[in-house]
Structures are given as structure tokens and as C-alpha cells.
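The residues of the chain are indexed from 1 along the displayed sequence. FYI, side chains are in, hydrogens and waters are out, and symmetry mates aren't considered; it's all heavy atoms of this structure.
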Amino acid sequence: TQLVEKLVEANGSVLANDFVEIRPEVSGRIVFMQIPEGKLVKAGTVLARINDADLQAQLEKTKVQLELAAINEQRNKQLLQVKGINQSDYDISLQQVKSLKADIAYTQSLIDKTIIKAPFTGQLGLRQVSVGAFINTATTIVSIQKVDQLKVDFTLPEAYQDYVKVGKKIKVVGLGENAVSLNAIVMAIEPQIIATTRNIKVRASLQGKMLPGAYTKVYLGENKQQPSIMVPTNIIIPDSKVKQVVVVKNGQAKFVPVQTGYRTATAVEITSGLNVGDSVIVAGMLFVREGSQIKVGKTLQIQEITQ
């Protein structure tokens, strides 16, 4: 056996930690817009306003009604104290005041929806509309993303589920001539295997700078290294049903079915079928038959071939 650093390669995509396509909550015509494309904006920055003239007029009307209702309520309160009116008449005037206050709060909430603000501090994308455009709740005005905090999503075959765990450090490599190699830490693992592909979805926080949406290669090794039997890849004899190697025992050739695992450029792991101390033929397999008498010309240690 020998210790082999088993590395698994997966395809990943870089994502911004927060990403939003900003859309309005109400329909209307844009009367103000201040969107610095590609620039960093702080949370709460006003990006656009939708025409709210009708709502403002409604708000002023309700405020006037509230002033009159408040005066009427105070008058009725004084009359109630001297038994000038009964309790029910006063309750009606008080209820009208509360109802108008609720109308003002509702109208103000509609006005607030006409003001489009940055939901968090981030970098804006490209503006999609202009001042004067009529938009609805399905219209994208601009996108915003937090590029100072990135994450990478990738999938692994379920056979490699033991290679990932929360908190593990992995390696992420970009593509292109100026590709950078960055570290990432596994932050979450999807608890359910994707039924259509039998893959596990993993998310890691990226430590460094990349463009969101970038395609990357993700490399990760075993959580705990264990000794493996490694043999040269060219000694494996493929069959329609099984894979075999030729073992020499008591001077005779014996074809042994094996199961393979991890592969390198020159060697393959044998997970079952061989034991430590077995002698396998690495050259001249094509001239060997089951039970053939073998004359060994040269003996090597397996490490001399696979390393």
C-alpha cells in the first residue's frame, strides 16, 4: 500500500454573495432616475422615483379630513364630560379619527413603494430603462450585487460525498491566461442528492476576487487519507463483465477479477481483488494464459512504476 493524495476535479460557478434584479413594487411612469452604472452605492440610496402625484393629492385630502375629524372629536369629548352627548356619539367621532389616520398610513405606504432604493450596499449593473418610461412590477430597472463577498457553487457525483464537509478548505482555479488560484471554504452542502444527475450540490465561500458568473475548476481531496494499492493502468485487462489482472502464484498465472477506484495519470487504485504481497505481471500479459507456467525475467517494486 501507499499513500496517494486523491484529488477530485469539479466544475464550479462564481456567484455574488447577494444579487438582486431591482424591480418596482407598483406600476407607473418614472419621473426621476439616478443610477451610476457599474458604481458602488450604499444601502438606501434612492435610484428612481415613480410618479406619485395622485397619491400625494390623496394624502393631502385625508390630512384635511383628519384635521376636521380631530376638532370634532375634541368638541364631542368636552360635550361628553358635561353629559351633552351620549357615549356612542363620541365613539363614532373617535372612530373616524382613527380610520383617517389608518388611511394616511396606507397612502404613505403606497407613496413609499414609488421610491426605489438600493436594498444593500453593492455594485450596480447596467441600466435597463430611462426617465419617462412606463414600467410595471415585471420590469427590471437595474441589477445590484455584492462583489466584495463571493461564493462558488459546484456539484460532485454522490460517490465522492465523503470528500466534502462543512469547514473544509478547497482550491478554486479560474480559466484563461491570467487564471488565478484561490482558496475557498465549504459553507453548506445540499442535504438532498439531485435525483436526475445523482450529484451533490456544494457551496463554498471564496477568499479572493473573481467576476461573478466566472467558470472555475474546483479541486478537493479526501477528508482522511487512507493507504491504497496502486498499479499501472496498462496492466488492467478489460472484459465485457469484469476487469482483470494477472497474478503469479506458485509459478503459475492466475487471472484475478478486480475493482478499480481513483486514477492518476499513470496508475489506478485497486479497491478489491489484490492483497499486499501479491505479484502481478506488468509486461507480457498478452502472451499469458490461465494456468500458464511463468518464468519471471525481472522483478520490480510497484512503487518504482506508479510513482
Side-chain angles (χ1 to χ4, degrees), residues 11-69 98-155 172 174-176 178 180 187-188 190 201 203-206 208-216:
N11 298 328
S13 297
V14 178
L15 305 171
N17 195 50
D18 292 307
F19 172 81
V20 171
E21 288 185 345
I22 298 178
R23 297 186 176 96
E25 294 186 70
V26 295
S27 301
R29 181 172 55 85
I30 297 177
V31 294
F32 169 82
M33 180 171 289
Q34 184 175 333
I35 299 178
E37 297 174 295
K39 302 296 183 182
L40 189 71
V41 295
K42 293 184 178 181
T45 302
V46 176
L47 303 177
R49 291 178 184 269
I50 296 175
N51 183 22
D52 62 351
D54 54 340
L55 296 175
Q56 292 289 356
Q58 179 66 38
L59 181 63
E60 290 301 319
K61 177 183 177 181
T62 309
K63 285 181 178 180
V64 171
Q65 292 174 342
L66 177 61
E67 290 178 4
L68 180 60
K98 292 181 178 180
S99 177
L100 290 171
K101 286 182 178 179
D103 289 342
I104 289 175
Y106 174 70
T107 306
Q108 185 61 56
S109 69
L110 294 179
I111 293 174
D112 292 340
K113 290 182 179 181
T114 65
I115 304 173
I116 301 167
K117 300 179 180 179
F120 51 80
T121 300
Q123 187 172 351
L124 294 175
L126 302 180
R127 177 168 54 88
Q128 303 297 319
V129 293
S130 301
V131 174
F134 185 90
I135 59 176
N136 55 38
T137 54
T139 305
T140 299
I141 298 175
V142 70
S143 64
I144 183 172
Q145 49 193 336
K146 190 175 289 186
V147 295
D148 58 334
Q149 298 177 7
L150 300 175
K151 55 192 176 185
V152 57
D153 283 4
F154 61 96
T155 56
V172 178
L175 301 181
N178 300 321
V180 295
M187 56 188 293
E190 185 72 45
K201 190 171 184 179
R203 175 167 292 173
S205 59
L206 191 61
K209 295 291 184 182
M210 276 190 181
L211 286 176
Y215 174 81
T216 63

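- Atom CG of Leu15 and atom NZ of Lys146 lie 15.0 Å apart (nearest 0.5 Å).
- Nearest heavy atom pair, residue Ile30 against residue Ser130, reads CD1-O, 4.0 Å.
- Counting heavy atoms from C-beta on, the side chains of Val46 and Gln34 never come closer than 4.5 Å.
- For the pair Asp153/Arg203, a side-chain contact is recorded, criterion being any heavy-atom separation below 4.5 Å from C-beta on.
- Taking 4.5 Å as the limit, some side-chain heavy atom of Ile104 sits within range of a side-chain heavy atom of Leu59.
- The closest donor-acceptor contact from the side chain of Asp18 to the backbone of Val20 lies at 3.5 Å or more, if one exists at all.
- In this structure, Val14 and Leu211 have side chains that are not in contact, with every pair of non-hydrogen atoms separated by 4.5 Å or more.
- Of all heavy-atom pairs spanning Ala43 and Thr121, the tightest one is N-OG1, 3.1 Å.
- Using a 4.5 Å heavy-atom cutoff, the side chains of Lys151 and Leu206 are not in contact.
- Enclosure of atom OH in Tyr106 is not indicated, since only 12 or fewer non-hydrogen atoms of other residues, nucleotides or ligands lie within 6.0 angstrom.
- When side chains are defined from C-beta on, Thr216 does not count as touching Phe154, because their heavy atoms never get closer than 4.5 Å.
- Looking at Ile141 and Gln128, their side chains never come closer than 4.5 Å, going by heavy atoms from C-beta outward.
- Taking 4.5 Å as the limit, some side-chain heavy atom of Val129 sits within range of a side-chain heavy atom of Met33.
- The CD atom of Gln145 lies 10.0 Å from the CD atom of Glu21; values are rounded to the nearest 0.5 Å.
- One finds the OG1 atom of Thr107 at 11.5 Å from the CG atom of Asp52 (value rounded to the nearest 0.5 Å).
- Counting only N and O atoms by type, the side chains of Gln58 and Asp54 include no donor and acceptor under 3.5 Å apart.
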- [ ] Might you work through the side-chain contact (heavy atoms from CB on, under 4.5 Å) test for Glu37 and Leu126, ending with a clear yes or no?
- [x] CA-CA 5 Å; Glu37 297 174 295; Leu126 302 180; 4.0 Å; yes
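- Under the rule for a side chain to side chain contact (heavy atoms under 4.5 Å, CB included), the partners of Pro36 that lie at least two apart in sequence or sit in another chain are Lys39, Val41, Leu124.
- Closest non-hydrogen pair, Pro24 versus Ile135, comes out as CG-CD1, 3.6 Å.
- Across all non-hydrogen atoms, the minimal contact from Phe120 to Ile144 is O-CD1, 3.4 Å.
- Legend: residues meeting side chain to side chain contact (heavy atoms under 4.5 Å, CB included) with Lys209, ordered by chain and number and at least two apart, are Asp148.
- Atom NZ of Lys113 is separated from atom CG of Leu55 by 11.0 Å, given to the nearest 0.5 angstrom.
- Listed by chain and residue number, Thr139 satisfy the side-chain hydrogen bond (donor to acceptor under 3.5 Å, both in side chains) test with Asn136 (two or more places apart in sequence, or in another chain).
- Atom NZ of Lys201 sits about 8.5 Å away from atom OG1 of Thr155, to the nearest 0.5 Å.
- How far CD1 of Ile116 is from CD1 of Ile50: 4.5 Å, rounded to the nearest 0.5 Å.
- Annotation for Ala16 and Pro212: closest pair N-CB, 4.0 Å, computed over non-hydrogen atoms.
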